[in-house]
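Some notes on the structure that comes next.
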Protein chains: 2
Amino acid sequence: MFLDDRKRRILRAIIDDYIDTAEPIGSRTIARKHELGLSSATIRNEMADLEEMGYLAQPHTSAGRIPSDKGYRLYVDNLMGIRELTLEEIESIKEAMEVRINELGQLIRQASVILSRITKYTSMAITPQMKKSILRTVQVVPIESSKALVIVVTNAGIVRNCMMKIPEKAEPQDLVRVSNILSEKLCGCTIEQINQQTIKDVEHEIGISKELLLPVLDGVSECIGQIDNPEVYLEGTTNIFNYPEFRDIMKAKGFLNVLDEKDVLYKLLNSHLENDSRINVQIGTENELDEIKDCSLVTTTYRIGDIVIGSMGVIGPTRMEYPKVISSMNYIRNQINRQLDRIVGQITDDS
Amino acid sequence: MFLDDRKRRILRAIIDDYIDTAEPIGSRTIARKHELGLSSATIRNEMADLEEMGYLAQPHTSAGRIPSDKGYRLYVDNLMGIRELTLEEIESIKEAMEVRINELGQLIRQASVILSRITKYTSMAITPQMKKSILRTVQVVPIESSKALVIVVTNAGIVRNCMMKIPEKAEPQDLVRVSNILSEKLCGCTIEQINQQTIKDVEHEIGISKELLLPVLDGVSECIGQIDNPEVYLEGTTNIFNYPEFRDIMKAKGFLNVLDEKDVLYKLLNSHLENDSRINVQIGTENELDEIKDCSLVTTTYRIGDIVIGSMGVIGPTRMEYPKVISSMNYIRNQINRQLDRIVGQITDDS
DNA sequence: ATTAGCACTCGCTGAACAAGAGTGCTAACA
DNA sequence: TGTTAGCACTCTTGTTCAGCGAGTGCTAAT
């Protein structure tokens, strides 16, 4: 059976309607609402075909049709229109994103907030993956007689610090020397290169009292650990209660339980990290995770320059307003990228 | 009518049972399960009295009784037994809390996680309120030719930093001088004392080029702002789905919606901050907030030395296992306090 | 003062039933 | 030959109603 143009138009009409109403769509509804110039009987026949081809399904004999995952897939890839953002939407995104946030994590969180607010679904995001960023500065600053702060700065402007106990007798110039040596050894390396072994190497090379060097190295390694340590943001979880597919308490519970597991979210977002900069859509059973096999997940990545450093996503019922989600995400992603470039540029002045 | 000992025993039995089963309790159930040596008819009479006195309520004529808020109040204040933590519970708390966390925020979050896990309700906590803490160190560290990191350390060991642009021509010794002057002026003050005005004062007093001083002061004020900026942690939200009182989807939604508002949570926890170190229980309508008038909120504070710096709480249905919640919270609070003292002691060595 | 007994109340459950929406099929039509 | 009108059939949903069970309040006996 061939999927001709008329079938496509009907399928699109059905999916558009179903996304809107969440009710199985009958042939009469389509004949009435959409100007296809066809009677309900004709549409009925076409719908039977579409079902046979696997694009539609019937909850029970005497009900209308609902889209299958395969139907949604076709819809997302070929059928759906693009939904421009409204002026208000654009405004509200800009307003939320253009506050000057200098902490990368805060920027991403804010993006997640606005993403869930615009789409009305649940949004999530992971903080920048900084493995690839480059260590710029290592400094040791004396705070009190026996305390020093180890400070680490990356090319992306991430600053981390760690308070360490140092020997009472350490002189300021010792600290300066340690700083200099560490800078020389470690600066220019990416975070992932600076693993424990590298740090150990430094430990052996330098001729400085271990009593001073060891705590400082501990501090560096703690800082590195903190940079690498990802955060997951989750926003708009209660939005799901607005959708009838989660009217069932067990469904809602299952969904929220998955989202409660930060590491599950992390994997979810991370698995699409290597993809190109397009927007990725996983529909229903296309998802690996059993618990969300009746949800759709729309993800994309954001970047500094050319390097992908993190990703964000929207999760909701398969009956999702794909056009709106995709254009919102697109717009917000661009905003993030712009802000990231600004922040990094501002801090590192690579120009 | 006098609330004699027998009435109390019956009331306690009813509430214990109701907390356990969530079903209205009939006279026969009490007569059977608890060894009170009384017939169901007698208990029936007593129950009628207890209802008249306002300790019990009847969902409808032919149902058993459920406790009223007033009943729970009496129960919490006078009737209930104490529930010792089991060895496993103690173990799991210790295990979770005794990892060496040096960031105060992380410690509190971890406490919140374990609190919700042990109690099976939803827990929340606010990060330390650091208004009262004292500024110990201000330092300005050059990072690149035109960038400097402003670092602020408090007596509680909180470290904040902020990257600022400074004039290219600024010499290292200028930065040291600024550091010294700022330290002299600001150290020893509490965070809340160092408001914009104080900073402005410093600006006028010092004879250093404004080009350098202004960004540094901005940095200090940004750091101060960050210290003051509270975080709210929320854990175990999906636990509520285990309780029949939230079986209704709208109830669950309403509850989760309240918890989604960070500033509402903040107020909720903050309003009990001035209280002494006891554990505070708000039952049902005792809560100010309409949306949680059928919930109970158990809160307490934690502290460094004698100063209360934050609070944590558990929220759940009024039918809450008060004895368990209270003893868990007590134990965890003590663990927090101990850890806090350790962290602060380690960093500031006040001894 | 306590208890046994009994009539009464009320919510819950399941069956029966009607209404409504939608389908598939057949036959008629352009 | 593709399209459409008509109709019988299916299945869900909502409603009504009777019967059951849990529990009460009251009265009379202990």
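These figures come from a predicted structure and were not determined experimentally. The sequence lines fix the lettering, A, B, ..., with proteins before strands; numbering per chain opens at 1.
Using a 4.5 Å heavy-atom threshold, the side chains of A:D17 and A:K33 count as touching.
Atom pair B:E46:CD and D:dT24:C1' shows a separation of 15 Å (rounding to whole Å applied). In this structure, CD of A:Q58 is placed 17 Å from P of C:dA21, rounded to the nearest angstrom. Rounded to an integer number of Å, the gap from A:E52 CD to C:dG24 P is 11 Å. The interatomic distance linking B:I66 (CD1) with D:dG23 (P) rounds to 14 Å, in whole Å. Between B:R28 atom CZ and C:dT3 atom C1' the separation is 14 Å, expressed in whole Å. Following rounding to the nearest Å, B:R32 (CZ) and D:dA22 (C1') show an atom-to-atom distance of 11 Å. For A:N45 and C:dG22, the CG to P distance is 17 Å, given to the nearest whole Å. Per the geometry, CD1 belonging to A:I25 stands 9 Å off P belonging to C:dG22, to the nearest Å.
Checking D:dC11, C:dT23, D:dG23 against every side-chain atom of A:T61, the shortest atom distance belongs to D:dC11. Of the candidates C:dT23, D:dG25, D:dC11, C:dT23 carries the atom nearest the A:M47 side chain, counting heavy atoms from C-beta on. Checked against C:dT2, D:dC11, D:dA5, the side chain of B:T42 finds its nearest nucleotide in C:dT2. Checked against C:dT2, C:dC25, D:dC26, the side chain of A:R44 finds its nearest nucleotide in C:dC25.
A donor-acceptor pair shorter than 3.5 Å cannot be found between the side chains of A:S328 and A:T119.
For B:S62 against C:dT9, a side-chain N or O and a base N or O form a donor-acceptor pair under 3.5 Å.
Residue order along DNA chain D, read from the 5' end via each residue's closest nucleotide, puts A:L38 first among A:L38 and B:A63. Nearer the 5' end of DNA chain C, as judged by each residue's closest nucleotide, is the contact made by B:A41, out of B:A41 and A:G64. With DNA chain C read from its 5' end, the first of the two nearest nucleotides for B:R6 and B:P59 is the one closest to B:R6.
For A:K70 and A:Y55, the positive end sits near the middle of the six-membered ring, less than 6.0 Å away and at most 45° from its axis.
In terms of modelled atom types and a separation under 3.5 Å, the side chain of B:Y266 and the main chain of B:E261 share no donor-acceptor contact.
Residue A:S40 is out of contact with every strand shown, counting any heavy-atom pair closer than 4.0 Å.
Between A:Y322 and A:Y72, the angle of the ring planes lies from 30° to 60°, which puts this pair in the tilted group.
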